[in-house]
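As structure tokens, the structure follows; a few thoughts come after it.
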Amino acid sequence: QVQLVESGGGLVQPGESLRLSCAASGNISSINTMDWYRQAPGRQRELVAIIASGGTTEYVDSVKGRFTIFRDNPKNTVALQMNSLKPEGTAVYYCTMVVTHIGRPGYAMRYWGRGTLVTVSS
């Protein structure tokens, strides 16, 4: 019912920046939280950043001061600006959203994108 599509991944050198974007489409009445997760090779998926519907943000300690999460509510999009990237930032980045559907006001579901690969290497 809802599709999330990420874009913006790629290969960058340490210290460089990258901006990821994620757009949601489908049966959407409202979106609560919009989050970015990442999964590095051989590691568990971890939460990177959260932005609530009101704009409140939270970040994992390892990215604080370097990453910024943005949302555009009318466009149902979320972005992650990543500055001063480090090699340990190499991972598949996933966007996820908690969506309330049109016609089902009391019911929300979490949706995931397929991920976009970010590689930080010299």
(request) Go through the structure and list residues passing side-chain contact (heavy atoms from CB on, under 4.5 Å) with R66, not counting sequence neighbours. (result) V63, S84, K86

(message) Check whether R45 reaches the backbone of V92 with its side chain - one donor and one acceptor, N or O, closer than 3.5 Å.
(response) no

(request) Find the distance between CD1 (I50) and CG (D35) and round it off to the nearest 0.5 Å. (result) 5.0 Å

(request) Indicate whether the side chain of S17 and that of N83 have a donor and an acceptor atom separated by less than 3.5 Å. (result) yes

(message) Any heavy-atom pair between the side chains of F70 and M34 that's under 4.5 Å?
(response) no

(message) Within the structure provided, determine whether N76 and I31 are in side-chain contact (heavy-atom separation under 4.5 Å).
(response) yes

(message) Whether the side chain of E16 engages the backbone of L85 through a donor-acceptor N/O pair (distance < 3.5 Å, no angle test) should be reported.
(response) no

(request) Can you see which heavy atom on L20 is nearest to which on T116, and at what distance? (result) CD2-CG2, 4.0 Å

(message) Quick check: closest heavy atoms across I51 and I69, and the distance to 0.1 Å?
(response) CG2-CD1, 3.6 Å

(request) Please tell me if the side chains of C22 and M97 come closer than 4.5 Å, counting only heavy atoms from C-beta onward. (result) yes

(message) Is any side-chain heavy atom of Y93 closer than 4.5 Å to one of L80?
(response) yes

(message) Determine whether S53 and R71 satisfy the following criterion, side chain to side chain contact (heavy atoms under 4.5 Å, CB included), listing intermediate values before the conclusion.
(response) CA-CA 9 Å; S53 57; R71 66 186 287 164; 4.2 Å; yes

(message) Angle between ring planes, Y94 versus W112, binned at 30° and 60°: parallel, tilted or perpendicular?
(response) perpendicular

(request) Please test C95 against E6 for side chain to side chain contact (heavy atoms under 4.5 Å, CB included), starting from the C-alpha separation and ending with a verdict. (result) CA-CA 7 Å; C95 123; E6 301 103 334; 3.8 Å; yes

(message) Donor-acceptor pair, distance only, cut-off 3.5 Å: does the side chain of T90 make one with the backbone of V120?
(response) yes

(request) Would you check if V48 and Y59 make a side-chain contact, meaning some heavy-atom pair closer than 4.5 Å? (result) no

(message) In the structure I gave you, are the side-chain heavy atoms of V118 and L18 within less than 4.5 Å of one another anywhere?
(response) yes

(request) Determine whether T68 and M82 make a side-chain contact, defined as any pair of heavy atoms from C-beta on separated by less than 4.5 Å. (result) no

(request) Measure across S122 and P14 and return the closest heavy-atom pair with its distance rounded to 0.1 Å. (result) N-CD, 3.7 Å

(message) Quick check: is M109 connected to V78 through a chain of hydrophobic side chains (ILVMFWY, heavy atoms under 4.5 Å apart)?
(response) yes

(request) Taking all non-hydrogen atoms of both residues into account, name the closest pair between A91 and R38 and its distance. (result) CB-CB, 3.8 Å

(request) Check whether Y37 and V98 end up in the same hydrophobic cluster, where Ile, Leu, Val, Met, Phe, Trp and Tyr are linked by side-chain heavy atoms less than 4.5 Å apart. (result) no

(request) Return the minimal non-hydrogen interatomic distance between V2 and A24, and the atom names on each side. (result) CG1-CB, 4.4 Å

(request) Go through the structure and list residues passing salt bridge (Lys or Arg N to Asp or Glu O under 4.0 Å) with E58, not counting sequence neighbours. (result) none

(message) With a 4.5 Å cut-off on side-chain heavy-atom distances among I, L, V, M, F, W and Y, is there a chain of contacts connecting V99 to I102?
(response) no

(request) For Q1 and Y111, run side chain to side chain contact (heavy atoms under 4.5 Å, CB included): C-alpha distance rounded to whole Å, both residues' side-chain angles, the deciding distance at 0.1 Å, then the answer. (result) CA-CA 9 Å; Q1 288 184 319; Y111 292 89; 3.7 Å; yes

(request) Check salt bridge (Lys or Arg N to Asp or Glu O under 4.0 Å) between K75 and all other residues, then give those that pass, not counting sequence neighbours. (result) none

(request) Tell me, yes or no, whether the heavy-atom count around R110 atom CZ, taken from other residues, nucleotides or ligands under 6.0 Å, exceeds 12. (result) yes

(request) Compare all side-chain heavy atoms of V60 with those of F67 and state whether any distance is below 4.5 angstrom. (result) no

